[in-house]
Participant: 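Next up is a structure, given as structure tokens.
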Amino acid sequence: MRKALWLGVAVMAMAGPQSAFAGDAATAEMGSDMAADVTVGLTYPQTKTVDVVDTAFGIKIPDPYRWLEDDVRVNPAVADWVKAQNKVTDAYLDTLPGKHVLAARMKKLFDYERFGLPEKAGGNYFFTKNDGLQNQSVLYVRKGLTGKDRILIDPNTWAKDGATALDAWVPSKNGKLLAYSIQDGGSDWRTIRVLDTATGKILSDEIKWAKFTNISWVGNDGFLYSRFAEPKEGAAFQQLNYNQTIYYHKIGTPQSEDKAIYATPDKPEYGHSAQVTHDGKWALITTSQGTDEKYELHIMPLGKKPSWKATPLVKGLEHEWQLVEGMDNKLWFVTNKDAPRLKVVSVDLSGKTPVFTDIVAERAETLTRAQIVGERLILSYIKDAKSMAMMTNLAGGPAKEISLNAIGTASGFSGTPGDPETFYGFSSFNQPGAVYRFDSRTGQSSPFAEPKLSFNPADYEIEQVFYPSKDGTKIPMFIVHKKGLDLSKGAPTLLYGYGGFNISQTPTYSATRMAWIQSGGVFALANLRGGGEYGKPWHDAGRLMNKQNVFDDFAAAGEYLIAKGYTAKGKLAIEGRSNGGLLVGVSLNQRPDLFAAGHAAVGVMDMTRFDRFTAGRYWVDDYGSPAKEADLRMQLTYSPYHNIRSGVDYPAVIVSTADTDDRVVPGHSFKYTAALQAAKTGSRPKIIRIESRAGHGSGKPTDKLIEEYSDIYAFLAKWTGLELK
């Protein structure tokens with residue numbers, strides 16, 4: 001559930017003289033009707049202010065744009081503000097001729113056949129495929145490995161704007177039925193439907209208000225899923241999520257008859273997900289409270305007539321536990337208990353007391369996943385932010401490395417006990433995802449689907465460097481550009497970062513980034529603390545009271561790129577999404593001298609109120625709680641909305657969000673932009689691009705991606721000097 005919930009000096013004091021919210025003068029300044037950009041001729045829309053000041057622990061916290069937190073669908077004034085901002089932004093972006101060059105380049109780069117990883121059930125292979133420029137990938141089924149492909153679900157027929165997406169899909173054990181979830185307009189809410197795989201007929205079953213859920217079949221007659229109560233009218237995109245409950249749905253029955261099998265009404269902040277072992281003997285209930293990898297486990301014996309009685313297996317929210325698989329009375333797990341970089345253990349359930357045994361010891365590399373395929377354990381590791389894979393027997397030895405032959409990211413390796421066949425995907429900055437079939441008996445890989453490209457991956461150089469952060473910690477960073485690129489004067493460079501929630505940033509392909517690189521730009525990815533690249537210690541070093549390390553790491557990356565001649569002053573842009581949007585907002589406040597431009601996407605910008613909306617309450621594991629004095633005081637040292645430095649020359653800034661983002665509600669970006677436009681931050685533009693029916697990012701149609709990123713990268717190119725020809 002943590003991954004589903006997610007989802008870059010001197011620090012300005014809250015009441016410091018340069019803070020945008022400091023004293024009467026600053027408040028009056030933000031209340032002015034217009035703020036003009038004399039250099040580029042921008043006149044920002046009028047944004048009213050309100051007299052709202054919160055007091056916590058004796059700290060006064062002004063919030064003059066509180067009204068912009070309201071849902072755009074509910075408050076007409078917010079809707080009008082959005083229209084006015086988009087009008088200014090669109091008019092400015094239309095003056096950038098390079099965006100048409102980028103759009104054409106991105107369209108060509110997206111236009112290749114790409115496949116998802118196959119899932120095998122009942123002799124059928126299920127997989128997604130996109131012909132190239134389809135807005136949504138299509139789900140196919142193939143009878144046998146060499147059978148004819150047949151379309152099972154085409155989500156491109158669901159909505160005229162292409163913004164209704166096929167999310168998860170899970171075939172039943174015998175492959176005759178398939179449960180799938182639908183995402184509309186980018187929202188985190190899901191609707192679950194079921195179809196007959198032989199005929200393609202959609203059954204009457206329909207599940208509403210599912211969110212952050214697995215779909216786990218119990219035999220072939222029903223499945224387990226997680227949902228919340230139906231939100232109050234008009235509150236679906238903002239209401240906090242409490243009391244997640246696991247239900248069993250029997251095929252052919254209405255949702256009203258679904259059985260609630262696990263909930264904790266005495267602890268409404270707990271979330272729950274269910275997984276069923278491949279042999280159908282056990283259901284595992286995993287409970288968490290936030291985004292941290294601290295889980296509690298319960299097991300339920302199934303059989304033909306489950307009693308749905310849960311028995312504790314691991315008590316207390318203390319460690320990470322990922323179910324690998326179960327066979328009979330034995331379960332395998334990946335855990336960080338006594339192993340910060342994780343290990344594999346097994347547990348024997350045949351006795352009165354479960355007995356845990358170490359199977360694969362912790363290594364220097366970080367273990368990210370383990371799967372049982374046939375009679376082997378396949379182990380996925382990260383080594384210096386790059387993928388590596390190992391294979392052992394079910395007892396944990398001997399270990400043999402699976403050859404991947406390049407710097408990149410491997411994914412997949414899902415399989416079942418007794419069946420040696422599995423599939424994995426591999427991609428890198430210069431290599432779109434290819435899918436390979438792997439035989440765990442022989443250790444041999446063979447291509448299943450390899451994309452035909454419009455460029456030669458060998459024309460691009462990938463380099464990994466390690467640079468020192470402010471405290472001397474060595475931080476990995478990937479740098480990508482065309483071979484032979486003239487760096488004698490430094491090239492326009494796009495630096496990306498995230499740094500949070502134990503999420504690792506690894507080499508993957510992006511058509512939009514490749515368009516930047518093909519245009520003569522450099523792309524850099526910094527593996528900041530707070531991520532999962534080096535296990536729990538790396539994560540801990542960039543969260544809670546250590547959050548400033550993330551921002552220092554990002555600034556040090558920029559300084560390194562300039563010092564080593566990859567780029568130069570005035571040619572460096574930064575970008576980040578979600579927690580990375582927070583990173584960009586903070587970095588622009590703390591080091592406006594270092595960057596020429598910034599793109600803050602769907603960012604967490606108000607650190608005093610993030611926990612009041614939708615899934616925001618989960619994030620206290622990384623950010624701390626605004627309800628605790630020590631945490632709040634730390635948050636106020638870097639909160640982007642509260643630390644805008646009026647009187648300081650800022651880089652060019654483009655903020656992006658969407659009106660249906662119910663992960664990081666758009667009010668974060670709205671308030672931050674309003675404050676930025678009202679403060680005296682120099683002549684370079686401060687604009688916001690607000691998409692409709694796009695959500696936090698997942699499920700976004702291809703045409704919207706091209707439109708969005710040709711706009712944004714043309715903006716960054718303009719302010720870094722990248723010539724788009």
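Numbers for residues simply follow the sequence, beginning at 1.
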Participant: Give every residue pair that meets the salt bridge (Lys or Arg N to Asp or Glu O under 4.0 Å) criterion with at least one member in residues 511-532, sequence neighbours excluded.
Facilitator: D471-R529, R529-D553

Participant: Checking D90 against K87 for the salt bridge (charged side-chain N to carboxylate O under 4.0 Å, His left out) test, could you report, in this order, the C-alpha distance in whole Å, the side-chain angles of both residues, the deciding distance, and whether it holds?
Facilitator: CA-CA 5 Å; D90 292 346; K87 183 177 180 181; over 6 Å; no

Participant: What residues, two or more places apart in sequence or in another chain, satisfy side-chain hydrogen bond (donor to acceptor under 3.5 Å, both in side chains) together with Y112?
Facilitator: none

Participant: For the residue pair G697 and R577, what are the closest heavy atoms and their distance?
Facilitator: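 Heavy atoms of G697 and R577 come nearest at CA-NH2, 3.8 Å.
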
Participant: One thing to verify: whether K671 and E69 come together as a salt bridge, which I'm taking to mean a side-chain N less than 4.0 angstrom from a carboxylate O.
Facilitator: yes

Participant: Can you check whether T493 reaches H481 side chain to side chain, under 4.5 Å on heavy atoms?
Facilitator: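 T493 does not reach H481 side chain to side chain.
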
Participant: Kindly give the heavy-atom pair with the smallest separation between D659 and I690, and that separation in Å.
Facilitator: N-CG2, 4.4 Å

Participant: Quickly, which of V88, N86, V82 forms a side chain to side chain contact (heavy atoms under 4.5 Å, CB included) with P45? Name it, please.
Facilitator: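 By the side chain to side chain contact (heavy atoms under 4.5 Å, CB included) criterion, P45 pairs with just one of V88, N86, V82: V88.
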
Participant: Describe, in one word, how the ring planes of Y638 and F551 are oriented to each other, choosing from parallel (under 30°), tilted (30 to 60°) and perpendicular (over 60°).
Facilitator: tilted

Participant: Keeping S710 on the side-chain end and A103 on the backbone end, is there a donor-acceptor pair under 3.5 Å?
Facilitator: no

Participant: Using the rule salt bridge (charged side-chain N to carboxylate O under 4.0 Å, His left out), only one of K470, K564, R591 pairs with E559; which is it?
Facilitator: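 When salt bridge (charged side-chain N to carboxylate O under 4.0 Å, His left out) is applied between E559 and each of K470, K564, R591, only R591 qualifies.
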
Participant: Should the ring pair Y498 and F501 be called parallel, tilted or perpendicular, given that the plane angle runs from 0 to 90° and is split at 30 and 60?
Facilitator: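 Tilted.
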
Participant: Is there side-chain contact between Y44 and K686, with at least one heavy-atom pair below 4.5 Å?
Facilitator: yes

Participant: Indicate the ring-plane relationship of Y713 and Y709, choosing parallel, tilted or perpendicular according to the 30° and 60° boundaries.
Facilitator: perpendicular

Participant: Heavy-atom distance under 4.5 Å between the side chains of T673 and Y65, does that happen here?
Facilitator: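 The answer is no; the side chains never approach within 4.5 Å.
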
Participant: Report yes if the side chains of T660 and S692 come closer than 4.5 Å at any heavy-atom pair, otherwise no.
Facilitator: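 When only atoms from C-beta onward are counted, S692 and T660 do not touch, as no gap falls below 4.5 Å.
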
Participant: Do F523 and Y566 have ring centroids that are under 6.0 Å from one another?
Facilitator: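 Between Y566 and F523, the centre distance exceeds or equals 6.0 Å.
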
Participant: Could you tell me which non-hydrogen atom of W516 sits nearest to which non-hydrogen atom of A717, and how far apart they are?
Facilitator: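 Taking W516 first and A717 second, the nearest heavy atoms are CZ3-N, 3.8 Å.
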
Participant: Just wondering, are more than 12 heavy atoms of other shown residues or ligands nearer than 6.0 Å to NZ in K569?
Facilitator: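 Check passes, neighbour count above 12.
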
Participant: Can you confirm whether E113 is buried at CD, in the sense that more than 12 heavy atoms of other residues, nucleotides or ligands lie under 6.0 Å from that atom?
Facilitator: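 Atom CD in E113 is packed in, count exceeds 12.
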
Participant: Classify the ring geometry of F455 against Y460: parallel below 30°, tilted from 30° to 60°, perpendicular beyond 60°.
Facilitator: perpendicular

Participant: Less than 4.5 Å apart, any side-chain heavy atom of S504 and any of T368?
Facilitator: no

Participant: Taking side chain to side chain donor-acceptor pair (under 3.5 Å) as the cut-off, I'd like each qualifying pair that reaches into residues 101-111, sequence neighbours left out, listed once.
Facilitator: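 The answer is R105-S519.
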
Participant: Salt bridge between E708 and K700, side-chain N to carboxylate O under 4.0 Å?
Facilitator: yes

Participant: Under 3.5 Å, is there a donor-acceptor pair linking the side chains of D661 and H696?
Facilitator: yes

Participant: Counting C-beta onward and ignoring hydrogens, is there a side-chain heavy-atom pair between P492 and E723 closer than 4.5 Å?
Facilitator: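 Not touching, per the 4.5 Å side-chain cut-off.
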
